[in-house]
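Worksheet for the structure shown next.
Chain A is the first sequence line, chain B the second, and so forth, proteins listed ahead of strands; every chain is numbered from 1.
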Amino acid sequence: MTKLHFTISHKLPGTLARAGVIQTPHGAIQTPAFIVGGTKATVKALTPQHVYDLGGQAVLANTYHLMLQPGAEIVQRAGGLGVFMHWDRPTFTDSGGFQVFSLGMAYKKGIDATSHSQKGESAQAVHSHGQLAKVTDEGATFRSHLDGSTHTMTPESSMELQHAIGADIHMAFDELTSPLAGREYIKKAMDRTHVWAERCLARHAALNAEHQEHGEPLQALYGVVQGAREEDYRRESAAFLGERGFDGYGIGGVFEPEEIPEVVRWVTETLPEDRPRHLLGMGAQPADLFLGVEYGIDTFDCVAPTRQARNGALYTYDGRINIRNQKFSQDFTPISSECGCYVCQNFTKAYLNHLFKADEMLGATLASIHNEWFVVHIVDTIRESLRNGTFFAYKEQFLARYYGADRAAAFLKLRV
RNA sequence: GCGGAAGUAGCUCAGUUGGUUAGAGCGCCUGUUUGUGGCACAGGAGGCCGUGGGUUCAAUUCCCAUCUUUCGCC
């Protein structure tokens, strides 16, 4: 069973932070690591060579999107996700659970899984607004955001789809709860997620047995911890899943960035220490990355760097800028003179400003290269700082400059 | 020169038989984006309604003149 090995080489005393290596059939991931978002088997606007050059160690694709288009079978016939998209390093797939709730059922209905505007409604009520989407103990029935067609996803089908897609690391199929959900529904969803997790394990084991018969590489499965913002549920979920022998653990759900330290700590304190932890969908802002690592996260994925890049929001060491702003039209300096990325070595803000104003595709590409490099580089440097004991110095210096002293102080006073 | 059409936001236009703070799309300016709907969303600025007279309680709207653009015809 060589599907995944995780070794921890450094721990930071007084925190939950650690540095290590995840070994997969497609190579190693040095942790902490920022996993690049490649939802539809493509990192939007970038070629795999760009991703490689900016230091991306692994890519995370999405089961929901790929099952709808082009279909998991086509990815499988192509030779699996990595071959299909020409990415020969490690790959992850998300289970599709999140998208069933965030896209499939509430798409353009004014109800966003992350919305806090519809106060007082239970998760059940929010779910029911999604028209034809239905969650039962068996699985979730939802409508495609592409053509409205009806689909059902179960723990078993998610495993089958993920094995067909063939990433190195899979996520268990879970139920997302709305931030508006009450404790009663949060518990119900968590319990259901736990039952689903065991069904995922069973199907996953059977599928891996088939791989073994055919001499194919085995795939790893992460259990996904739920429990929203309730400490007892989070700990219960982490304990329950932690005893089931998953290869690693995802931390799911929807919560505010400010809540990362607390929610993550409940979970990572409870999970088995020797397995990698992945924070699902979070890690856009530098503070998220520093705090996530400090509280025990090994890998992050987040689409924000590329999504924001496509809309002109670029990261610099002095904070975020909007490259479309008029003041950049005659600024012939790089986005950041200290940045080592391809874009900052070769292009000016005035040029980027022009590309965005002219709606040229290259703007999205260059902006994505820069933002993704920036975030990957932060996590790389954090990893290095864990190895040589300079984490807190790096954190304080970086955050103070990025957010300004006042805002940074709030992040800095947090300690485990 | 004659006849027709048109002048309203940077651009293309709408403006209900004359009636409160004259609208839209695009553009422009600013902001937002966290298990991805790439090209999205939110907010904002910007008009002596060509010019000058007249009618009227009231004119972007009706009348006259004038300027400009445009189409057709000599």
Side-chain angles (χ1 to χ4, degrees), chain A residues 34-46 59-66 68-69 92-104 106-110 112-115 117 143-148 158 169-177 179 193 222 224-226 249-260 263 277-289 291-292 297 299-315 320-329 353 355-365 367-368 371 375:
Chain A
F34 186 83
I35 311 303
V36 178
T39 306
K40 296 190 240 181
T42 167
V43 180
K44 293 186 194 299
L46 302 183
V59 165
L60 182 143
N62 196 289
T63 304
Y64 169 88
H65 293 83
L66 292 175
L68 295 177
Q69 192 177 56
F92 291 63
T93 40
D94 194 2
S95 68
F98 185 86
Q99 285 67 34
V100 164
F101 296 98
S102 68
L103 300 180
Y107 182 63
K108 281 188 177 170
K109 293 289 189 282
D112 186 333
T114 63
S115 168
S117 60
R143 296 185 68 172
S144 163
H145 71 281
L146 296 176
D147 62 8
S158 178
I169 297 171
H170 301 169
M171 296 292 158
F173 185 65
D174 61 334
E175 179 177 357
L176 169 85
T177 51
T193 294
Y222 282 20
V224 178
V225 176
Q226 287 294 352
Y249 296 89
I251 299 174
V254 175
F255 46 94
E256 294 297 317
E258 303 78 53
E259 298 168 322
I260 287 176
V263 174
R277 299 88 174 248
H278 181 90
L279 185 58
L280 285 157
M282 302 200 77
Q285 292 212 32
D288 304 343
L289 302 170
L291 294 172
I297 295 300
T299 55
F300 301 86
D301 77 87
C302 189
V303 301
T306 47
R307 177 187 290 165
Q308 293 183 342
R310 271 179 260 120
N311 289 307
L314 305 180
Y315 307 137
R320 215 180 75 179
I321 64 169
N322 184 345
I323 195 61
R324 288 172 305 187
N325 286 3
Q326 221 278 328
K327 63 183 172 187
F328 297 124
S329 64
N353 175 272
L355 292 177
F356 272 90
K357 291 287 186 62
D359 202 23
E360 280 291 337
M361 291 184 286
L362 185 59
T365 297
S368 297
N371 273 5
V375 172

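Taking 3.5 Å as the limit, the base of G38(B) and the side chain of N311(A) contain no donor-acceptor pair of atoms between them. No hydrogens or angles were tested; on distance alone, nothing pairs the side chain of Q326(A) with the base of G31(B) as donor and acceptor under 3.5 Å.
Taking side-chain N and O atoms only, R320(A) has no distance below 4.0 Å to OP1 or OP2 of G31(B). A close approach under 4.0 Å does occur between a side-chain nitrogen or oxygen of N322(A) and OP1 or OP2 of G31(B). Between R307(A) and the phosphate of U34(B), there is a side-chain N or O to OP1/OP2 separation shorter than 4.0 Å. Proximity of N325(A) to the phosphate of G31(B): a side-chain N or O atom is located under 4.0 Å from OP1 or OP2. Of the side-chain N and O atoms in K327(A), none sit less than 4.0 angstrom from OP1 or OP2 of C29(B).
The same atom, C1', is picked in U8(B) and in U55(B); the two are 23 Å apart, to the nearest Å. Comparing the C1' positions of U69(B) and G27(B) gives a spacing of 23 Å, expressed to the nearest Å. Taking atom C1' on both G47(B) and U70(B), the two are 24 Å apart, rounded to the nearest angstrom. Spacing between G35(B) and A9(B) at atom P, rounded to whole Å, works out to 44 Å. Taking the P atom of each, G10(B) and U34(B) are spaced 36 Å apart, rounded to whole Å.
Residue R324(A) places its side chain closer to A40(B) than to any other of A40(B), G35(B), U30(B). Distance from the side chain of D359(A) is smallest to C39(B) among G31(B), U34(B), C39(B). Closest approach to the M282(A) side chain among G35(B), A40(B), U34(B) is made by U34(B) (side chain taken as heavy atoms from C-beta onward). Listed nucleotides G35(B), C28(B), U34(B) differ in distance to V303(A); the shortest reach to its side chain belongs to G35(B). Which of C29(B), G35(B), G38(B) sits closest to the side chain of K44(A) comes down to G38(B). Taking only side-chain atoms of Q285(A), from C-beta outward, the nucleotide of G38(B), U34(B), G35(B) with the closest atom is U34(B).
When N62(A), T93(A), T63(A), L280(A) are each tested for a side-chain contact (heavy atoms from CB on, under 4.5 Å) with M171(A), only one passes: L280(A).
Stem analysis of RNA chain B (at least three stacked-register Watson-Crick or G-U pairs, each with both distances under 3.5 Å) gives B:1-7 with B:67-73, B:10-13 with B:23-26, B:28-32 with B:40-44, B:50-54 with B:62-66.
Under the rule for a side-chain contact (heavy atoms from CB on, under 4.5 Å), the partners of T365(A) that lie at least two apart in sequence or sit in another chain are A45(A), L46(A), H50(A), L362(A), I369(A). The side-chain contact (heavy atoms from CB on, under 4.5 Å) check on N322(A) picks up R324(A), N325(A), with sequence neighbours excluded.
Across all strands, G97(A) comes closer than 4.0 Å to no nucleic acid atom at all (heavy-atom distances). Counting any heavy atom pair closer than 4.0 Å across all strands shown, D174(A) reaches a base atom. At a threshold of 4.0 angstrom between heavy atoms, the contacts of E259(A) with the nucleic acid are absent. Within the 4.0 angstrom heavy-atom criterion, only backbone atoms of the sugar-phosphate kind lie near A304(A); the bases stay farther away.
Dense packing is recorded around CD of E259(A), with more than 12 heavy atoms of other residues, nucleotides or ligands lying under 6.0 Å away.
In terms of heavy atoms, F328(A) sits closest to N353(A) at O-CB, 4.0 Å.
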